[in-house]
Amino acid sequence: MASSFAPDVSPPEYSLEPLLSLKGVSKFYGALRALSQIDFTIQPGEIQALVGDNGAGKSTLVKIISGAHTADEGEIFFKGKPVTIRSPEDSIALGIATVYQDLALVGTRDVAHNLFIGREPTRWGMVDRGKMVAEAHALIDLLNVDIPSVDAQVGKLSGGQRQAIAIGRAVHEGRSILLLDEPTAALGVKESHQMLSLIETLRDKQKAIVIVSHNLLHVFRIADRITVLRGGQLVGSRRKTDTTADEIIRLITGADLL
Amino acid sequence: MTTDMNSVLQGARPPSSTSRLSRRSWLRRMLGRREVILLILNIAFIVVVSQLTPYFLYAPNGFANFRVMFVGMAMETIVLAPMVLLLVGGMFDLSVDGVVNMTGVLTGVLLVQGVPIPIAIVSGFLAASAVGFVNGFAVTKLKMNPLMTTLGTWWIAQGIALGAAQGIPPHTFPQAFKSLGQGDPFGITMPIWYAILLLPLAIWVLARTRFGYHIYATGGNREAARLHGVKVDRVTIVSFVLVALAAGLAGMVYAARLNSAGPQTVNGLNLRVIAGAVIGGCSLGGGEGTIWGGLLGLLFMTMLTNASIVLGVSPYWQICILGIVLLLAVGADALAKRRVASG
């Protein structure tokens, strides 16, 4: 995807109302301050990369938006309206889907069920297995991955296949926002690039995507905006066209180190 | 990528190669299923033992031995059905024997004191479900260990049964109550009726409903299920309450059949049911198992005990044989898992 942004005039996407915004969000683990007064926004149709060193708070931030953890301080707004996200159900109800680092799959269940956990389609009080299988086939073809069968037990699949299922589920679940925590970490080079292409395709469908990654090469390939966390604080958010890898690395490590 | 997606959206999907693959491996998958192996094993067992002695299957009068065996087993399947749900959901309940005895005695005491039958029955169910709720609440919200929690509630319920009976089991119940255990509408005795009603219901709930799918997801990976919006605590609490309600029903039916509610009516039923479920393919780690499997596992254990008696095996050794069968089943499981893990 070629960078299609106009040279730096007040960029059009910032005039849009943010889909989700966090104001002054903090999270404590006992005495440890994992996140401190974070102001964070997610724009529609934008891929935002969340980068930072280990322990910078990236996963914590993702988990607060996904409802896996709850914020101790601060406010969350969805399309301008204040919302509370106290559980994964709250987040899913807002159309936010998450691919967790450990993928959160049920290894004892088949592919079809894993794509629909928590949202199994029903008909006359029963799970509509036919519909589930049909949609599972469509999703697998969309992801263009090699899954032996939608009846296959997920625990017996390869890392790449499992990753694809987790992403496929998020694509189906996330009407508005996708949160991807290290989506390419378990993938080979070819699979990673397929994944990045897929993420770009989803952005073109006006989904907002937040991707946590350590791989700056991947980040610079697909992100529209790069947001840097350090020590639980948001230390910068740059449009890709306005920054360089050097600047991002300085923000990640702390400028004084270089 | 974009073209792939367009073809999907237009429904112009290339014919999937997956369906051909799944047809080819159908037979192998069937033979890999625990239920199928157990069914074959059960049939082989009947064939072999009936060659050894006519008394197992049809002598001296019809299928009398099998009929007695099935009635006893039907009482156990009342508990088996929800117990499979609980095990598949990754939980465990030791308290069943206590709840069976407690509900029988409490209902019996109320009946003997002249309380109307419906009120006595509802009270029995309330007492039973209270134990189930305490189990579920303690395990989910207080994060207590299920084994120790339900050992505690087992003893508490058993203590209540002993305390309420005061040494003299309540007995001689109204005819209408007795018929709930002794009646035989259409020539079929009541315990079989309960099994006929409860087992298909449990099969349907576990295999077809959303609640059943959520049980499998919760047992397979509790945190993953939670993160995708499954109300895992509710799944667990409801399962514990269902087990307790079934135990309560069993307690009342035993009381009705015996016309007496002894505080030690059952002793070991729960562990037999769990062993049957495990032989039938329920994994104690959760996420795997079916009602069919549990039923076939329980049938195998029941026939094994029965055949031992018919063949004149010393009662001292019968329990020993059961133990060996259980170890073999669990061992086969562990072996199969290791083979999958290594290759």
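Hydrogens, waters and symmetry mates are skipped; everything else that's a heavy atom, side chains included, is used.
In this structure, chain B has no heavy atom under 4.5 Å from any part of S91(A).
The shortest heavy-atom contact between P88(A) and G229(B) is CB-N, 4.4 Å. Nearest heavy-atom pair across A104(A) and L227(B) is CB-CD1, 4.2 Å.
Using a 4.5 Å heavy-atom cut-off against chain A, the contacting residues of residues 212-223 of chain B are Y213(B), H214(B), Y216(B), A217(B), G220(B), N221(B). Against chain B, the residues from residues 109-119 of chain A that qualify, each with a non-hydrogen atom under 4.5 angstrom away, are R109(A), H113(A), I117(A), G118(A), R119(A) in number order.
By the 4.5 Å heavy-atom criterion applied to side chains, H228(B) and E89(A) are not counted as neighbours.
Counting heavy atoms of neighbouring residues, nucleotides and ligands inside a 6.0 Å radius, atom CZ of R208(B) does not exceed 12 of them.
Of all the listed residues (T122(A), L105(A), D90(A)), the one sharing the greatest number of non-hydrogen pairs under 4.5 Å with chain B is L105(A).
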